[in-house]
Number of protein chains: 2
Amino acid sequence: MTTPQLTKNQSLVFEVLEKAEGPLSAYTILDKLRDHGFRAPLQVYRALEKLLEYGVVHRLESINSFVACAHPGDNCHSHGIVAFAICESCGQVMEFHDHEVDHRLMGWVRGQKFKPEKTTIEIRGLCEACAA
Amino acid sequence: MTTPQLTKNQSLVFEVLEKAEGPLSAYTILDKLRDHGFRAPLQVYRALEKLLEYGVVHRLESINSFVACAHPGDNCHSHGIVAFAICESCGQVMEFHDHEVDHRLMGWVRGQKFKPEKTTIEIRGLCEACAA
DNA sequence: ATTGCAAATGTTATGTTATTACATCAATTG
DNA sequence: CAATTGATGTAATAACATAACATTTGCAAT
Ligand SMILES: [Zn+2]
Ligand SMILES: [Zn+2]
Ligand SMILES: [Zn+2]
Ligand SMILES: [Zn+2]
């Protein structure tokens, strides 16, 4: 998917996520944008909806948070499942993908005649710095 | 982990999940147990916490719901990461394991010196019946 | 049996995440 | 201009989860 020009609200939300060191909840984003006129959750959720659609932001289901894509410019997401390693101590997120994992998972579901739409892989744990 | 004797509330919550055809939210469980004296969300969440710990129930992060383990008697924790295929139409859940997927994911995070604690793999889509 | 403790439970309130409903505004187009 | 479409603003509410505190229950040590 090619990313169209972002609207004002979309740009504001995206910039907050880009500058952040880790994933943010929608309400945290809202708080950071109050100075820019944001008043209600929906302003954030609507922007996020589009940013997710464009593939420039990911939602981390296991922690109800959002993060800017770590591979800007790539369109690798259209070819495979994205996986995340999330540090539960410092919040750092590593994003990666593995075609063999994709292949195994998609092979299994195809064998069940299941039609996959969206796959979540999230590994919570401790990053190198925090585990030390 | 060996499952100890369930308490009254734990048994009630587990029975509701076992009888259900698909995953249930905590509040749906609460509603189903009002006749048995349940009055507050915490009664459900506390029971779920233990059932998750014992491995007899799984939490589906992407849909904020809970489901009884599909492999009773097995110890899900001993055979690696559990993956789920969740039908977004009828709610049916298929639970499976794939050692190759485990191996690839754990190999990757080990290479990053990341210490994994809990991994979520959830594939949303349409089951065979609903895709037809 | 009584005391003391840990686990489970009950209850109220609150915190957090996400959506519905409806109004308004701005850009495009025929 | 009128109609359409997409974006935005605002208020209210729904859905999910936990905090804080009191009480009860089961059980072991004395
Ligand atoms: Zn990405
Ligand atoms: Zn860390
Ligand atoms: Zn299981
Ligand atoms: Zn189905």
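Computation of the quantities below employed the complete heavy-atom set of this structure, encompassing side-chain atoms and omitting hydrogens, waters and symmetry-equivalent molecules. A note on names: the letters A, B, ... follow the listed sequences, proteins ahead of strands, and every chain is numbered from 1. Computed from a predicted structure; not experimentally measured.
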Using the test side chain to side chain donor-acceptor pair (under 3.5 Å), find all partners of [X] that sit at least two apart in sequence or belong to another chain.
X        : result
A:Gln92  : none
B:Ser25  : B:Thr28
B:Arg104 : A:Asp98
A:Gln43  : none

Scan side-chain atoms only and decide if A:Glu122 and A:Ser62 contain a donor-acceptor pair under the 3.5 Å cut-off.
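Short answer, yes.
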query: Going by number, which of residues 10-37 of chain A have a non-hydrogen atom under 4.0 Å from DNA chain C?
result: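 Those residues whose heavy atoms fall under 4.0 Å from DNA chain C, taken from residues 10-37 of chain A in numerical order, are A:Ser25, A:Tyr27.
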Bounds of contact between DNA chain C and chain B, in 5' to 3' order, using a heavy-atom cut-off under 4.0 Å: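 Nucleotide range with atoms under 4.0 Å of chain B: C:dA8 to C:dT12.
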(request) Can you sort out which residues in residues 40-52 of chain A have a heavy atom within less than 4.0 Å of DNA chain D? Ascending by number, please. (result)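 A:Ala40, A:Leu42, A:Gln43, A:Arg46, A:Lys50 - these, ordered by number, are the residues of the stretch whose heavy atoms sit under 4.0 Å from the strand.
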**Where at least one partner belongs to residues 3-16 of chain A, residue pairs that pass salt bridge (charged side-chain N to carboxylate O under 4.0 Å, His left out), sequence neighbours excluded** =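 Sorted result for residues 3-16 of chain A: empty, none.
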Item to complete: Under the ring-ring contact (aromatic ring centres under 6.0 Å, His included) rule, collect the residues that match up with B:Phe84, sequence neighbours excluded.
Response: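 Per chain and number, B:Phe84 pairs via ring-ring contact (aromatic ring centres under 6.0 Å, His included) with B:His58.
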Given atom [atom1] of [X] and atom [atom2] of [N], what is their separation to the nearest angstrom?
X       : N      : atom1 : atom2 : value
A:Asn64 : D:dA17 : CG    : C1'   : 10 Å
A:Glu53 : D:dG6  : CD    : C1'   : 12 Å
B:Arg39 : D:dT23 : CZ    : C1'   : 17 Å

Quiz prompt | Sequence-distant partners of B:Ala68, side-chain contact (heavy atoms from CB on, under 4.5 Å), two or more places apart | solution =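 Counting only residues at least two positions away or on another chain, B:Ala68 forms a side-chain contact (heavy atoms from CB on, under 4.5 Å) with B:Phe14, B:Leu17, B:Glu18.
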Item to complete: Can you sort out the partners of B:Lys50 under salt bridge (Lys or Arg N to Asp or Glu O under 4.0 Å), two or more places apart, ordered by chain and number?
Response: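 By the salt bridge (Lys or Arg N to Asp or Glu O under 4.0 Å) rule, B:Lys50 matches B:Glu53.
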If the cut-off is 4.0 Å, is A:Thr7 near the phosphate of D:dG6, judged by side-chain N/O to OP1 or OP2?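 For D:dG6, OP1/OP2 do not have a side-chain N/O of A:Thr7 under 4.0 Å.
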So which pairs with a foot in residues 105-132 of chain B pass ring pair (Phe, Tyr, Trp, His ring centres under 6.0 Å), sequence neighbours left out?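 Non-adjacent pairs meeting ring pair (Phe, Tyr, Trp, His ring centres under 6.0 Å): A:Phe96-B:Trp108.
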